[in-house]
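First listed ligand is number 1; within each ligand, the first listed atom is number 1.
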Amino acid sequence: MTREAGRSRGVAVLGSTGSIGTTALRVIARQPGRFHVVALTAFANSALLASQEAATQPSYVGLVSPNGKKPPASWRIGASALVEAATRDDVDIVLNAVVGAAGLDATLAALEAGKRVALANKETLVMAGELAAAACARGGGEIVPVDSEHSAILQCLGRRDRNDVRRLIITASGGPFRTWTPAAIGGATLADALRHPTWSMGRKITVDSATLANKALEVIEAHFLFGLPYESIEVVVHPQSVVHSMVEFVDGSVLAQMGVPSMELPVLYALTHPERVRDDGVPRFDPVAHSPLTFEPVRLADFPALRLGLEAARSGGAAPAVFNAANEQAVALFLEGKMQFADIAASIDAALAQLGSMSGRDKVSLLAADAAARAHVSARAERN
Ligand code: NAD
Ligand code: MG
């Protein structure tokens, strides 16, 4: 995509009231003349969304849910709000910061419409990576990752070809249970799981970071973004979250991208890639203050959600969509206090055993696999 010099680019921020959405609005506000907000969407009405509208003066505000306080008459309400926002003519970049498979249609529609999708909503790619690639090819859109690990990989790759790459090394903080015994992890509470050591994020991804399901989602995301086989994508635990990921090239050289654990830079870079722009609001890195940097092997046996996700990735077809949907449903139940921590992985395991070999080439079959996995997890939770 070529950037027309000097023109401010319109950004649709989907999921504007969330952790990434609010970060994105802060980042955009620091770049007047370069980016401006043209659309905002959120799940439900809130005072935060109203204040975001007042601050950014977008031409479109959309809500998915009609429940709650009556919104202004100018706001659009309904399931089509995300796609409407993502495909508007005044939108150049769609920042998809919706959580979960609910972001899929907007990503696909934006890519078909030739937009840049700055993608935080990794569940979209996990569920339907091939459909996203096909939508890019048809419509001329592109995906630029917001996830910090994938932003790091993109920055390390520069203009190099994937044939120059031997291995991607994705770092993981290890989450709140990195040093816990398996027995203690089994008894973890919701409060324990929500206490992330290095990142402040939405509740779903925070739980995913405690089970390490998030790293499985990220390995699949990397596979689709960068076109590398799963044998060439590894995970290493790095408790300080300073090295955001690494790329090993065929000559043995390893490049890493570093910085303080903050989403401000990955969000900004997803908007400006391949350019870099000055932003004094991004927290500065002090190597001495952040030392030492350490690395550990990942405890695959003690974090079964990661192992299950990696197995689903290799199976392909609908298995990643089943993994993702089972995880989303189990995490939702865990967040409601209706499921134990250890049952998240057990639910995913059971759903994959039953549904993991469903076919998954087209959207209809992927949506069917997604729905079946959610129903499987709910039914199992009812029985237990
Ligand atoms: P969040 O829960 O804080 O925010 C989610 C946003 O999406 C909110 O605006 C909410 O209103 C909206 N939303 C929720 N359900 C929706 C639905 N069904 N339809 C439409 N809108 C809906 O989540 P977050 O932490 O900002 O994460 C957003 C995405 O970014 C996730 O996919 C997450 O994995 C990814 N991500 C987040 C971080 C982070 O630091 N928070 C880092 C990397 C990737
Ligand atoms: Mg990440």
Residue, atom name and distance, where the atom is the protein heavy atom closest to [atom]:
atom                    : value
atom 4 (O) of ligand 1  : Gly18 CA, 3.1 Å
atom 14 (C) of ligand 1 : Val99 CG1, 3.7 Å
atom 33 (C) of ligand 1 : Ile205 CD1, 3.9 Å
atom 25 (O) of ligand 1 : Gly202 N, 2.8 Å
atom 13 (N) of ligand 1 : Phe43 CB, 3.7 Å
atom 44 (C) of ligand 1 : Asp147 OD1, 3.5 Å
atom 9 (O) of ligand 1  : Thr17 OG1, 2.7 Å
atom 3 (O) of ligand 1  : Ser19 N, 2.9 Å

Looking at [Y] and [X], is any side-chain nitrogen of the basic one under 4.0 Å from a carboxylate oxygen of the acidic one?
X      : Y      : result
Arg30  : Asp280 : no
Arg167 : Glu231 : no
Asp343 : Arg380 : yes

[X] to ligand 1: N or O pair under 3.5 Å?
X      : value
Gly15  : yes
Ala102 : no
Glu123 : yes
Val64  : no
Ser148 : no

Worksheet item: With distance as the sole test, does Ser209 use its side chain to make a donor-acceptor pair with the main-chain N or O of Ile205 at under 3.5 Å?
Response: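 Confirmed, Ser209 side chain pairs with Ile205 backbone.
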Can you find a side-chain donor-acceptor pair between [X] and [Y] that sits under 3.5 Å?
X      : Y      : result
Ser151 : Gln155 : yes
Tyr60  : Glu84  : yes
Glu221 : His223 : no
Gln329 : Ser347 : no

Worksheet entry | Numbering as shown, the atoms of ligand 1 that approach Leu82 to under 4.0 Å (heavy-atom distance) |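 This gives 20 (C) as the contact atoms.
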Worksheet item: Short list, please: which atoms of ligand 1 are under 4.0 Å from a heavy atom of Ser16?
Response: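 Ligand 1 atoms under the 4.0 Å threshold to Ser16: 9 (O).
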Discussion item. Can you tell me if Lys204 contacts ligand 1 (heavy atom of the residue under 4.0 Å from the ligand)?
Written reply: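 So Lys204 does not count as touching ligand 1.
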Fill in: Which atom of Val298 lies closest to which atom of Val235, heavy atoms considered
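Closest approach of Val298 to Val235, heavy atoms only: CG1-O, 4.2 Å.
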Worksheet entry | Closest non-hydrogen atom pair, Ala351 against Val322 |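 Closest approach of Ala351 to Val322, heavy atoms only: O-CG1, 3.9 Å.
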Fill in: Shortest-distance N, O or S atom of Glu218 relative to the Mg ion (ligand 2)
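Glu218's closest N, O or S atom to the Mg ion (ligand 2) is named OE2.
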Discussion item. Does only the side chain of Met201 get under 4.0 Å from ligand 1, or the backbone, or both, or neither? Count heavy atoms.
Written reply: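 Contact part for Met201 vs ligand 1: both backbone and side chain.
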Item to complete: Sort out for me which residue in Phe303, Phe334, Trp180 forms a ring-ring contact (aromatic ring centres under 6.0 Å, His included) with Phe341.
Response: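 Looking at Phe303, Phe334, Trp180, the match for Phe341 under the ring-ring contact (aromatic ring centres under 6.0 Å, His included) is Phe334.
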Fill in: For Met127, the option from Ile220, Leu367, Leu217 that meets side-chain contact (heavy atoms from CB on, under 4.5 Å)
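The residue from Ile220, Leu367, Leu217 that satisfies side-chain contact (heavy atoms from CB on, under 4.5 Å) with Met127 turns out to be Leu367.
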Discussion item. Regarding atom 5 (C) of ligand 1: of the candidates Gly100, Ala97, Ala79, which has the closest heavy atom?
Written reply: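 Looking at heavy atoms only, Ala97 sits closest to atom 5 (C) of ligand 1.
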Worksheet entry | Option set Val98, Ile20, Leu40, criterion heavy-atom distance to atom 29 (C) of ligand 1, minimum |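 Nearest heavy atom to atom 29 (C) of ligand 1 lies in Val98.
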